[in-house]
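Notes follow once the structure below has been shown.
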Amino acid sequence: MVTELLLSAGRGPAECAWALARLLSRLEGEAARRGLRTDRVEAVPGDRAGTYRSVLVRITGARAEGFAAGWTGTLCWQAPSPYRTGHGRKNWYVAARTCRTDVAVTPFHETDVEFVPCRTGGPGGQHRNKASTAVRATHRPSGRTVVVDTERHLHLNRRIAVELLRQRIAADDEAARRAGVDARWRVHDELVRGDPVRVERP
């Protein structure tokens with residue numbers, strides 16, 4: 001089982017990026033003790049060495065999803081600021097949420113395409129007006145539909161329709177993947193301070 005967890009310091013001060021690095025080490029150590037593998041898939045470094053604004057962690061192994069759930073929400077690292085001596089604040093917050101970076105590729109099989117001959121208007125002479133050489137093609141699993149009437153022969157329009165559907169479904173999958181990436185990194189600018197699900201200390 002594989003799950004991914006995004007940890008973010010949001011717009012918090014430098015101490016939050018420092019806290020994220022400490023919480024990440026704590027998470028990785030706890031995961032190892034439970035026999036889970038962790039991989040840092042992507043990371044946005046903080047302004048100071050050894051700190052992070054955001055880190056995407058992939059957790060692999062039995063009960064990985066349950067483990068990630070225990071780290072999802074607002075995390076709090078309680079410790080004095082390492083950068084501001086005498087600063088009164090000791091609670092530094094990090095947001096954590098599970099996310100998906102993979103998008104399933106829509107399978108495309110020509111047998112899933114339904115063809116309906118039809119007529120279309122416009123220029124093209126008598127043959128185009130009298131014969132149903134155009135085709136409406138629908139990819140049943142996705143619901144995508146195209147109408148092709150560029151050729152005078154039905155079988156050529158069918159061939160073009162299949163290729164158009166293949167291209168548009170691939171484009172839909174890519175758009176969904178990009179939307180997922182954008183949504184995933186929007187949390188970098190967010191920090192919801194609710195009741196911490198975990199409070200960790202050095």
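By convention here, the first residue in the shown sequence is residue 1.
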Item to complete: Look at R136 together with E114 and state whether they make a salt bridge at an N to O cut-off of under 4.0 Å.
Response: no
If the plane angle is over 60° it's perpendicular, under 30° parallel, otherwise tilted; pick one for W92 and H87. parallel
Practice task
Answer yes if V197 and V57 sit in the same cluster of Ile, Leu, Val, Met, Phe, Trp and Tyr residues linked by side chain heavy atoms under 4.5 Å apart, and no otherwise.
Solution key: yes
| query | Does the distance from a Lys or Arg side-chain N to an Asp or Glu carboxylate O, for E163 and R159, drop under 4.0 Å? | reply | no
If we only count heavy atoms from C-beta on, is the Y52 to V44 side-chain gap below 4.5 Å?
-> no
The salt bridge (Lys or Arg N to Asp or Glu O under 4.0 Å) partner of E15 among R89, K90, R48, R84 is R84
Output for pair (D149 CG, L154 CG), nearest 0.5 Å, gives 11.5 Å
**OP:** Output, in order, the C-alpha distance, side-chain angles, deciding distance and verdict of side chain to side chain contact (heavy atoms under 4.5 Å, CB included) for T60 and L36.
**Re:** CA-CA 6 Å; T60 309; L36 299 170; over 6 Å; no
Do L7 and L75 make a side-chain contact, defined as non-hydrogen atoms from C-beta onward lying under 4.5 Å apart? yes
So OG1 of T150 and NE2 of H153: to nearest 0.5 Å the spacing works out to 11.5 Å
Rounded to the nearest 0.5 Å, the CD atom of E65 sits from the OG1 atom of T72 at a distance of 9.5 Å
query: Are the side chain of N91 and the backbone of Q78 linked by a donor-acceptor contact shorter than 3.5 Å?
result: no
Give a yes or no on whether R198 atom CZ has more than 12 heavy-atom contacts from other residues, nucleotides or ligands under 6.0 Å away. yes
When rounded to the nearest 0.5 Å, the distance separating CD of E110 from CZ of F115 is 5.0 Å
Only one of V162, D112, T145, V146 passes side-chain contact (heavy atoms from CB on, under 4.5 Å) with H139, and that residue is D112
Closest non-hydrogen atoms of P196 and Y93, given as atom of the first, atom of the second and distance, are CG-CE2, 3.8 Å
Does one hydrophobic cluster hold both V2 and V41, with members joined at side-chain heavy-atom distances below 4.5 Å?
no
Give a yes or no on this: more than 12 heavy atoms of other residues, nucleotides or ligands lie within 6.0 Å of atom CZ of R140. yes
Next on the checklist: Between T138 and R144, is there a side-chain heavy-atom distance shorter than 4.5 Å?
Outcome noted: no
Donor-acceptor check, side chain of R58 to backbone of L5, threshold 3.5 angstrom: yes or no?
no
message: For the CZ atom on R37, are there more than 12 heavy atoms of other groups (residues, nucleotides or ligands in this structure) within a distance under 6.0 Å?
response: no
Interatomic distance, CD@E42 vs OG@S54, rounded to 0.5 Å, equals 10.0 Å
Side-chain donor/acceptor pairs under 3.5 Å, residues 20-29, sequence neighbours excluded:
residue : atom : partner : partner atom : Å
S25     : OG   : A21     : O            : 3.3
R26     : NH1  : E200    : OE1          : 2.7
R26     : NH1  : R201    : O            : 3.2
R26     : NH2  : R201    : O            : 2.8
E28     : OE1  : R40     : NH2          : 2.9
E28     : OE2  : R40     : NE           : 2.8
E28     : OE2  : R40     : NH2          : 3.4

- Query: Is a donor on one side and an acceptor on the other found under 3.5 Å between the side chain of N157 and the backbone of T133?
  - Reply: yes
When rounded to the nearest 0.5 Å, the distance separating OG1 of T98 from CH2 of W71 is 15.0 Å
Smallest heavy-atom separation, T3 atom then A68 atom, equals CG2-CB, 3.6 Å
| message | With a 4.5 Å cut-off on side-chain heavy atoms, are L164 and V148 touching? | response | yes
Go through W77 and V94 one step at a time and tell me if the side chain to side chain contact (heavy atoms under 4.5 Å, CB included) criterion holds. CA-CA 8 Å; W77 183 259; V94 171; over 6 Å; no
Nearest heavy-atom approach of A161 to V135 is CB-CG1, 4.1 Å
Exercise. Which class fits the ring pair Y83 and W18: parallel under 30°, tilted 30 to 60°, perpendicular over 60°?
Worked result: perpendicular
Item to check | Enclosure of Q167 CD (heavy-atom neighbours >12, cutoff 6.0 Å) | outcome: yes
Side chain to side chain contact (heavy atoms under 4.5 Å, CB included) between E4 and I59, worked out:
CA-CA 6 Å; E4 291 179 337; I59 306 166; over 6 Å; no
